[in-house]
Each structure stands twice: as structure tokens, then as C-alpha cells.
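Labels below follow one simple rule: chain letters A, B, ... track the order of the sequence lines, proteins then strands, and each chain is numbered from 1.
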Amino acid sequence: MTAIVFRNLTKTYGKSHALDNLSAEIQPGRVTGLLGPNGAGKSTALRCLVGLATPSKGRARILGRRYARLQDPQRRVGVVLDSRGFHPGLSAYQNLHILTTMGGIDKGRIDEVLAEVELTEAKHKRVKGFSLGMKQRLCLASAILGNPEMLILDEPANGLDPAGIAWLRGFIRARAQAGATVLVSSHQLAELEEIVDDVIIIHKGAVVASGPVEEVTGGQRLEEAFLRLTGGDLS
Amino acid sequence: MRLLRAELLKISYQRAIWGLLLGSVLFSALGTGSSPVIIDRFSEQFGGGSLAESLYVDGVYANAVSGYIFAMLVGVLIVAGEFHHGTAVATFVAVPKRSRVLAAKMVAAGIAGLALQACATAAGFLAGYLALLAYPDAASPSIDIFINTSLSSLVSGVVLGILGAAIGALVRSQVPALVGVLLWLFAIEPIVILLLPEASQYSLTGLMTGIISLDLQAEAFNVDLGAYLPPLTATLFLFGYAIVFAIVALISSMRRDID
């Protein structure tokens, strides 16, 4: 079964089209990069996918159904949409404890995921004292609480230093090797080039190319192919 | 059930909510504790009544209900706080069925409002008792005033908690929602009551007063507590407000995107 399907997805805000008949498929067990310049519609597509935004037209399905229809979504899909998803006045442990309670997940998972993202020492530190990189890692910890078979990550490399980006690559690679499906959006192409199997390139709300990396790039570097496909717009 | 447990856990972890609990306890204690002084000093304005009469002592204890505003603020924080801190995204991703999330939040807000008003009212009763010790001639209060005031406090705690949560869900932005609630209770209601005195019995404060069922009059303060709705009718009206606002908030939340 196809892991994720976008079919003629359209989202308008007033007269502007954030998504314009976007159609794409993400295959299971592969790392897919959703690439596009800032404002291309990557985040909007992901928000429609997980039910935070309602499409004006078309549909987005995950594991064959609407996200809201998934049984125990935290155990099926881990989602990271921005690094603001935590109460700054609460500790990492408290924030994750709330999420485990919501999802009926064993509290013991909190220590495991904090260790996996290397935040064990910051367990009882309030989130407002976290660096951006620590917040991103806490987001990833929250996404894997339910040990899901799929990860959806929106710009997870934003604000990370080179060491953080290297760590993120390792994290995604490890998840992929464990058989997870990963959909990761980014406008920073070099960071994804080494880890994605497939790419979907979107520009002005529509797909301009999709498929295995080698097929889409045609032997070029991902960045060069991207510039060619988007008319040089890498804003 | 686990969603409700998560919401109660969130409440217990938030310092701002503990701060509001402390505020409501102090507000109720100060309001009740200062009442004997006011009644004693402005006896003429109360139609010559004094603390020697049981009715006026009852009036002192009735002020223990006054922490209700904090129950509404807690309700606002429980929902609007999620949008303020950006945690709404994580919440609605973890539990995408919005109606379930909002229902859990409203129940949690009702429970928080109830707990808050229980503490504030107990503190008010204690402060009133201690303040009245300074007046040896003060009459004994009626048993009814404790029952009715407790009932009014608990009902208002639940209802205003839910109302606050509904307003938080409608407005989403925390500061405007908090300011709106304060304006409603401290500006809009008093102005409406001043312009349309017959409408006062349907105001939030009027309905809570109706539940207390105290027949106290003070013409100089434009107060006639006997003119409010009977307790049961007032209770039903309060719950009616909560239900209407909760439904409107649910419908609105189902239609809007989560930012």
C-alpha cells in the first residue's frame, strides 16, 4: 500500500493559492524529501496531511485513510511540524509526560526517547532554557514516543548547526534502516541529498518533479536539478 | 478518559494556574474579610441594618463566592494558552479528533473551576469568621447561607470554567481573551445592569446571586438581592450559558485551521 497520497490537493487563502492541484505519492519504507523554496507550499501540504488545515479541494491520505481516522495516530505516525510545540514553562519530561498520557503510551518511553535524542541530562530542565537545536531534538523525541512506523518532519534542520545536521542525518538514517517511512521537507538541499531515496519537488504549490533521486536529478547534483526545475528560484 | 487525564496533568504542571488559585483564595478571603467593616461603617446605606442581624452576617459570608472570576480566567488559559505557547499543534496532532480534545478541555476546565472555587470559598468563609470575631455583637449566620453560597460557588466554578474555555477556543489569542473576560465581568455587565436593571437577573453575577438566595437590600448601592431568579432557575440559566458557548466553540473549532 502507498504510505501517503496527495491527490489534487488545493489550499487557497483568499485569492492566493498555497497549494495548486498537488498530487504525489510516498512509498513505504523509503525516505522521501519534500523539497521546494520557502513559500512553495511544503508546510501547508503537511498541515493538510495531518488535519491541521482543511484542503479547499482534493485530499491527502495517510496509510489509506484520513489522518483523523487513524487508530492511535501517535503509534502509527510521528509528526514534527515546528519547534514551538512545547510549553516553555514545563520541563522536557513534563511535556513528554503529557503526550504519553494522551496517547496511552508507557511512561518508561520518555527516558528511552530522551536518551535516543541525547537529551537525558536536560530531562528536568525547562524548555524555555533550551537552544533551538535542543528543541528540535525534543520535537523528534516526541515524534518517536509511540515508536511509529512513519515519520513526517517539516524542516527539521532549521536552526541546526553543522554538528546538529550531521546528528539529524544519522537519526533519519537509523529510522529508515529500521524500516520506517520518512517524509522530510526542507529547502536546504545539501542536507538531504545523502539520505533521501525519493524526492518530490514543489514550486508555487504544485509538483514540478517526483521520483527516485537519480531519476529526478539525471546525474546532476540535487541543487542543480532543483534550480533547473524551479527556474532558478532558490529563495 | 486518558485525554481528560492529560488535560488535568497539563493544568497541574502550569504555574500560572496555581497562581490563579492563590489569587482566587486571596480575593475571596479579602472580599469576605472586609465585608463586616463595610457593613458596620455604612450601616445607614444598608437601611439601618447591622451585623446584629443574621441577614447581614449572611451577607458577609455570601461574599465568599467572589473568586469566580479566576475560574473563568483558568478556563481561558486552558485553551488559549495552547495557542499562545504553540502546543495546540502537538495536541491536535496527537489527538486529531478536535471535538474530543475540546470536550476534554472543557470538562477539565469545569473540574479546575470547581476545585478553585471550593478552595476560594472555604478561604472566604474562614476569613469572614475571623473578621466577625472582632464584632462581639454580631448575630449567628444561618445554616442556609453556607449551603447556598457553597452551591453557588461550585456551580459558578464549573460553569465559568467551561465558559472561559469556550471563549479561549473562540478567541484563541490569550491576551485578548483574558482582557475580553475581564471587560465582560467588570465593564459590560455593570453597564448593562445600570442601563437595564431588569436584565441584571440574567447576568452571570446576577445568576450566581440568585443561587445564593439572599434577600438583602441596600438602596444607596442600588442593591436589591431579593429581585433575582430563584436558585434552581438561576442554576439552569448558568448551565444554559455554558452549553450554548461550548457548542458555538466546538462548531467554530471544527471549521478553523490550527496554527
Side-chain angles (χ1 to χ4, degrees), chain A residues 11 13 18 43-44 46-56 62 65-91 93-105 107 126-128 135 138-139 142-143 145-146 152 154, chain B residues 1-21 74 77-105 107-108 111-112 168-169 172-174 250-259:
Chain A
K11 179 71 178 172
Y13 296 101
S43 296
T44 306
L46 298 183
R47 296 173 75 80
C48 288
L49 180 64
V50 297
L52 294 175
T54 309
S56 309
I62 194 160
R65 54 183 67 186
R66 283 199 301 125
Y67 181 78
R69 292 275 172 91
L70 290 177
Q71 197 75 33
D72 283 331
Q74 276 180 292
R75 292 176 194 274
R76 308 293 306 276
V77 186
V79 182
V80 173
L81 287 183
D82 61 40
S83 58
R84 245 174 32 96
F86 297 103
H87 194 298
L90 306 189
S91 68
Y93 177 85
Q94 289 172 326
N95 273 295
L96 295 180
H97 188 198
I98 289 165
L99 291 173
T100 54
T101 308
M102 264 183 203
I105 297 164
K107 225 167 45 168
R126 285 206 253 167
V127 171
K128 71 177 167 192
K135 285 181 188 167
L138 185 57
C139 285
S142 73
L145 269 176
I152 296 172
D154 188 17
Chain B
M1 227 20 217
R2 67 191 190 198
L3 201 46
L4 178 59
R5 274 210 312 277
E7 288 303 328
L8 293 173
L9 192 61
K10 273 184 206 173
I11 291 170
S12 74
Y13 278 152
Q14 288 183 57
R15 292 182 182 190
I17 291 182
W18 289 104
L20 286 175
L21 171 65
V74 163
L77 282 189
I78 286 172
V79 183
E82 289 251 27
F83 290 95
H84 179 72
H85 295 298
T87 52
V89 168
T91 299
F92 287 105
V93 164
V95 185
K97 293 193 172 79
R98 294 186 199 174
S99 55
R100 285 185 55 204
V101 173
L102 281 165
K105 283 189 177 300
V107 173
I111 292 171
R172 290 191 176 179
S173 185
Q174 187 170 282
L250 276 172
I251 293 170
S252 153
S253 297
M254 301 294 282
R255 292 180 174 184
R256 293 158 73 190
D257 291 347
I258 307 291
D259 299 317

Region of [X] that comes under 4.5 Å of a non-hydrogen atom in chain B:
X	result
A:Arg66	neither
A:Leu99	side chain
A:Lys128	neither

Of the non-hydrogen atoms in [X] and [Y], which two are nearest, and what is the gap between them?
X	Y	result
B:Lys97	A:Ala68	NZ-O, 3.2 Å
B:Pro96	A:Pro73	CD-CG, 3.5 Å
A:Leu90	B:Tyr13	CD2-O, 3.2 Å
A:Ala53	B:Arg98	N-NH2, 4.5 Å

side-chain contact (heavy atoms from CB on, under 4.5 Å) evaluation trace for B:Val89 with A:Leu52: CA-CA 7 Å; B:Val89 168; A:Leu52 294 175; 3.7 Å; yes
Choice from [options] maximising heavy atom contacts with chain A below 4.5 Å:
options	value
B:Gln14, B:Arg15, B:Arg256	B:Arg15
B:Arg5, B:Lys10, B:His84, B:Glu82	B:Lys10
B:Thr91, B:Val93, B:Leu3, B:Val95	B:Val93

Checking heavy atoms, do the side chain of B:Arg2, its backbone, both or neither come under 4.5 Å from chain A?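 Looking at B:Arg2, backbone and side chain both touch chain A.
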So, taking the atom named [atom1] in [X] and the one named [atom2] in [Y], what distance separates them when rounded to the nearest 0.5 Å?
X	Y	atom1	atom2	answer
B:Arg255	A:Thr54	CZ	OG1	11.0 Å
A:Ile98	B:Ile11	CD1	CD1	10.0 Å
A:Thr101	B:Leu9	OG1	CG	5.0 Å

Please test A:Lys11 against B:Asp257 for side-chain contact (heavy atoms from CB on, under 4.5 Å), starting from the C-alpha separation and ending with a verdict. CA-CA 11 Å; A:Lys11 179 71 178 172; B:Asp257 291 347; 2.8 Å; yes
